[in-house]
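Bear in mind that the values here come from a model prediction, so they are computed numbers and not experimental data. Quick note on labels: first sequence line is chain A, next is B, and so on, each numbered from 1. Values below: all heavy atoms of this structure, side chains included; hydrogens, waters and symmetry mates excluded.
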Number of protein chains: 2
Amino acid sequence: MKWVYIEDLAGYQDQDVEIRGWVHNTRSGGRIRFIIIRDGTGFAQATIFSKDENDPLFKTFDRLTQETSLIIRGRVREDKRAPGGYEISVAEIEIIQVAVDYPITPKEHSTPFLMEHRHLWLRSRKQHAVLQVRAEVVRAIRGFFDDRGFRLMDTPILTPSACEGTTTLFETKYFDQAAYLSQSGQLYNEATAAAFGKVYCFGPAFRAEKSKTRRHLIEFWMVEPEVAFATLEDTIELGQDLILFILERVLTKRRADLAELERDPSRLESITKPFPRLTYDEAVPRLQEKGSAIKYGEDFGAPEETIMSDLYSSPVCITHFPAGIKAFYMQPDAARPDLALGVDVLAPEGYGEIIGGGQRIHDPALLERRIKEHNLPPEPYQWYIDLRKYGSVPHSGFGLGVERVVAWICGIKHIRETIPFPRLLYRIYP
Amino acid sequence: MKWVYIEDLAGYQDQDVEIRGWVHNTRSGGRIRFIIIRDGTGFAQATIFSKDENDPLFKTFDRLTQETSLIIRGRVREDKRAPGGYEISVAEIEIIQVAVDYPITPKEHSTPFLMEHRHLWLRSRKQHAVLQVRAEVVRAIRGFFDDRGFRLMDTPILTPSACEGTTTLFETKYFDQAAYLSQSGQLYNEATAAAFGKVYCFGPAFRAEKSKTRRHLIEFWMVEPEVAFATLEDTIELGQDLILFILERVLTKRRADLAELERDPSRLESITKPFPRLTYDEAVPRLQEKGSAIKYGEDFGAPEETIMSDLYSSPVCITHFPAGIKAFYMQPDAARPDLALGVDVLAPEGYGEIIGGGQRIHDPALLERRIKEHNLPPEPYQWYIDLRKYGSVPHSGFGLGVERVVAWICGIKHIRETIPFPRLLYRIYP
């Protein structure tokens with residue numbers, strides 16, 4: 001008998017198949033027994049019907065507990081009432097292991113308890129749906145860039161220098177020297193963009209931040225495109241297109257997961273480009289109106305991001321920040337050199353920043369001056385300065401944080417559920 | 001005028017376009033000047049023809065040095081003799097920055113010099129070709145698994161426990177405890193496979209090995225699939241299919257790059273499945289015949305891998321290793337419990353191991369015994385043992401190292417050229 005996956009059941013109507021999986025739930029009534037079986041690709045209902053109360057299948061059924069592993073053989077029948085539209089009429093059950101006292105029951109559990117059992121919590125319907133969306137988001141991102149001719153250029157995790165200061169860096173001994181875990185592949189992207197034109201890196205990034213917010217992970221995944229000859233405007237356009245592409249793919253392919261999460265898809269469907277845009281100069285008075293204590297010249301904190309991202313039902317782009325609060329490599333605006341040609345994109349509904357990027361300095365003298373002004377040691381940046389000496393060109397890019405995008409799309413409160421094994425302040429198990 | 005990329009030139013025959021890039025090379029003769037321009041997507045020839053020796057374009061041409069950044073405007077003309085089949089008849093040159101004394105000239109440079117200038121070396125034709133192949137290999141791998149219903153489940157880099165001993169681990173301080181950089185996502189894959197059926201992770205892995213061989217990187221990328229209910233045989237089948245899929249994709253899409261690398265494609269085209277297979281018991285006498293000093297019961301070292309992988313023109317599978325030399329989680333063979341249901345796949349032509357995998361122990365008592373026998377602390381493995389308590393099923397998977405596959409496909413000697421910024425013993429710059 002053929003082993004098939006639940007997500008493929010529609011192709012096996014009225015055929016005998018084998019499903020391998022785990023008991024999610026059982027229910028019985030009179031002459032009928034129901035098993036909700038999950039196999040990782042979906043959930044299906046298997047039914048046993050018998051007039052004989054001593055039917056051996058009933059005896060086997062009675063041994064089934066939540067998360068018991070088993071193989072069910074039977075016929076696939078269309079049933080509009082069944083979850084997924086098909087059910088299995090059971091002919092045979094082969095129990096592999098009866099699970100005793102599975103810790104995660106349908107009752108409510110505390111978050112610390114669930115986090116401690118993350119390796120099992122992943123099997124729950126809601127967690128399953130969130131991580132299916134995550135996998136789709138990642139696939140959409142890679143497809144977006146690959147299909148547009150971007151070259152994937154994996155940037156190193158172990159680096160000798162820091163992108164934005166050293167206080168939030170993880171340090172390790174690298175043979176005879178110190179190394180830090182990367183917070184961004186951007187600087188390396190700038191080298192590969194000069195070699196490959198359009199590039200992206202996509203890997204884990206690390207911030208040793210002692211903050212415990214619902215938007216922060218210690219270890220997270222970030223995609224970072226970089227384009228030679230691209231301006232801030234090109235980057236805003238690219239970022240918008242990427243976000244719209246991700247939304248469209250999830251809305252097409254993962255609608256059932258959004259339904260499982262009780263996420264109203266119309267909130268995502270209504271998003272179109274261009275996104276609303278404000279300069280920093282325009283944003284500050286709006287924030288102050290809404291009760292923020294921000295003063296002109298200060299960076300947005302979490303409260304400002306939340307206010308801003310609550311004001312719109314679409315992602316919003318904030319541009320032209322004061323140069324002083326942005327990274328050393330940001331290209332100044334030609335007309336207003338006190339402003340940086342940077343952009344932050346904030347997700348709506350209070351989800352905060354999902355994109356940060358902009359145009360990079362391409363003038364070698366200016367870059368060297370900025371490195372000095374920021375009190376950065378010049379030696380580890382020598383190669384980075386080289387990029388401005390040998391055929392320097394204007395170039396731009398951004399970083400998009402995968403977990404925040406997933407949290408926003410799924411409409412879930414805390415980012416910790418958007419990655420299989422979240423790394424949080426003081427949490428590194430399992 | 002439209003900015004187009006060189007790889008798209010064929011679509012713009014007899015049209016005026018703009019190419020933005022860098023001077024790779026120049027040549028002149030009589031009334032004609034040639035510029036080989038690269039824009040990251042390819043190399044194209046741009047020609048200036050004039051009867052007037054004071055033509056301002058000639059003057060501009062004279063300023064061009066290797067890696068000068070520029071914009072060329074002109075008409076696309078078919079020319080079978082030109083590299084790529086098209087050339088640009090130049091109407092206008094806009095120099096962005098003249099590169100002075102670009103360090104990597106067409107003459108030979110030492111490897112340390114090139115490694116020190118890796119950020120620029122990436123622009124060279126050969127490095128460009130290798131990394132195009134790499135990007136294609138990664139894309140093929142992801143497509144292979146995504147299209148077969150595998151769920152991408154990113155596993156953590158920062159981990160509290162070690163997969164295969166602690167001597168080759170990078171350690172870092174994780175707030176109040178110690179953390180290690182992951183060498184494999186497998187253990188976590190086993191948890192996600194029980195939740196999602198078929199999964200894969202694909203990320204960087206780290207080995208703090210004090211070895212300086214042409215096959216080792218400190219930081220490398222590895223893809224690891226894991227399948228619930230799969231046996232060793234299923235895993236061998238999956239590994240073969242993956243390798244054949246990668247080869248086919250590179251042979252279809254990156255033929256020009258293989259030509260640039262002077263790689264004979266017939267060496268790759270001739271590979272079919274099933275790959276030759278030997279058990280460890282069969283392999284040892286063959287190795288001894290070929291001069292290896294290996295004794296029965298010892299693991300393969302680099303010399304054994306080289307001998308074995310030189311014996312075949314196809315990848316070869318070695319299975320059923322002595323359990324004692326393999327990882328603690330390996331499922332023993334039912335008929336010969338002293339042997340592990342593991343498989344190594346060695347690439348031909350001396351490239352060594354590209355896949356390592358097998359079936360995992362699913363019996364909780366046996367797993368706990370093995371953890372004890374290997375003197376591993378049980379606490380960090382509690383969650384891993386849990387997977388055997390709640391609906392344990394047979395399951396299998398493997399890891400494939402991206403850089404070794406790229407080195408083999410490209411036919412290059414040293415693995416350091418297969419990743420944009422290699423991390424080697426004592427080398428972490430740039």
Side-chain angles (χ1 to χ4, degrees), chain A residues 5 20 22 39-41 67-69 96-97 99 102 119-120 122-123 128 135 138-139 142 146 149 151-158 160 170-172 174-177 179 188 191-192 195-198 203-204 219 221 228-229 383 386-387 390-393 419-421 423 425-426 428-430, chain B residues 5 20 22 39-41 67-69 96-97 99 102 119-120 122-123 128 135 138-139 142 146 149 151-158 160 170-172 174-177 179 188 191-192 195-198 203-204 219 221 228-229 383 386-387 390-393 419-421 423 425-426 428-430:
Chain A
Y5 283 99
R20 303 182 183 185
W22 295 265
D39 72 350
T41 73
E67 288 306 316
T68 284
S69 49
I96 297 171
Q97 186 194 44
Y102 183 69
H119 53 294
L120 304 174
L122 295 170
R123 304 178 184 186
H128 195 268
V138 173
R139 192 180 180 182
R142 294 198 176 259
D146 288 340
R151 266 60 169 180
L152 172 73
M153 288 291 137
D154 295 309
T155 52
I157 304 299
L158 292 168
F170 285 105
E171 187 178 337
T172 189
Y174 190 86
F175 307 105
D176 55 350
Q177 53 192 300
Y188 291 97
T192 56
F196 294 86
K198 294 179 282 190
E219 181 180 330
W221 281 67
F229 295 96
W383 67 269
D386 269 5
L387 303 176
Y390 306 112
S392 188
V393 299
I419 188 165
F421 295 93
R423 295 299 177 241
L425 189 57
Y426 305 119
I428 198 178
Y429 176 94
Chain B
Y5 282 100
R20 304 182 183 188
W22 296 264
D39 72 351
T41 72
E67 288 306 318
T68 285
S69 48
I96 298 171
Q97 186 193 45
Y102 183 68
H119 53 295
L120 304 175
L122 295 169
R123 305 179 184 184
H128 195 267
V138 173
R139 192 179 180 182
R142 294 198 176 257
D146 287 340
R151 264 61 170 181
L152 171 73
M153 289 291 137
D154 296 308
T155 51
I157 304 300
L158 292 168
F170 285 105
E171 189 178 335
T172 188
Y174 191 87
F175 307 105
D176 55 351
Q177 53 191 301
Y188 291 98
T192 56
F196 294 86
K198 295 179 281 190
E219 180 178 330
W221 281 68
F229 295 97
W383 66 269
D386 268 6
L387 303 176
Y390 306 113
S392 189
V393 299
I419 189 165
F421 295 93
R423 293 301 176 240
L425 190 57
Y426 305 120
I428 197 178
Y429 176 95

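Listed for the B:H128 side chain is no donor-acceptor partner under 3.5 Å among the backbone atoms of A:F196.
Most heavy-atom pairs under 4.5 Å with chain A, from the set B:T68, B:D154, B:L122, B:T41: that is B:D154. Ranking A:P430, A:G197, A:A99, A:A191 against chain B, the residue ahead of the rest is A:P430, based on heavy-atom pairs under 4.5 Å. Heavy-atom pairs under 4.5 Å with chain B were tallied for A:W221, A:Y5, A:W22, A:F229; the largest tally goes to A:F229. Top candidate by heavy-atom pairs under 4.5 Å with chain B, chosen from A:Q177, A:R123, A:E219, is A:E219. Residue with the most contacts toward chain A among B:Y429, B:Y390, B:Y426: B:Y390 (heavy-atom pairs, distance under 4.5 Å). Residue with the most contacts toward chain B among A:P420, A:S392, A:A179: A:S392 (heavy-atom pairs, distance under 4.5 Å). Your options are B:T192, B:L158, B:I419, and the one with the most heavy-atom pairs under 4.5 Å with chain A is B:L158. The most heavy-atom pairs under 4.5 Å with chain A, out of B:R142, B:E171, B:M153, come from B:R142. Your options are A:T172, A:L152, A:L387, A:I96, and the one with the most heavy-atom pairs under 4.5 Å with chain B is A:T172. In terms of heavy-atom pairs under 4.5 Å with chain B, the best-connected choice from A:H119, A:K198, A:E67 is A:H119.
For B:P204, the part lying near chain A is the side chain, with the backbone staying farther off; criterion is any non-hydrogen pair under 4.5 Å. Of the two parts of B:D39, only the backbone, made up of N, CA, C and O, holds a non-hydrogen atom closer than 4.5 Å to a non-hydrogen atom of chain A. Using a 4.5 Å cut-off between heavy atoms, B:R20 touches chain A through backbone and side chain atoms alike. Contacts of B:L120 with chain A are made by side-chain atoms alone, with heavy-atom separations under 4.5 Å and no backbone atom involved.
Between atom OH of residue A:Y102 and atom CG of residue B:D386 there is a gap of 9.5 Å, rounded to the nearest 0.5 Å.
Aromatic ring pairs are classed by plane angle as parallel below 30°, tilted from 30° to 60° and perpendicular above 60°; the pair B:Y188 and B:W383 is parallel. Using the six-membered ring where Trp is involved, B:F175 and A:F170 have ring planes that are perpendicular, over 60° apart on the 30 and 60° scheme.
In this view, A:R139 and B:D146, B:D147 satisfy the salt bridge (Lys or Arg N to Asp or Glu O under 4.0 Å) rule, not counting sequence neighbours.
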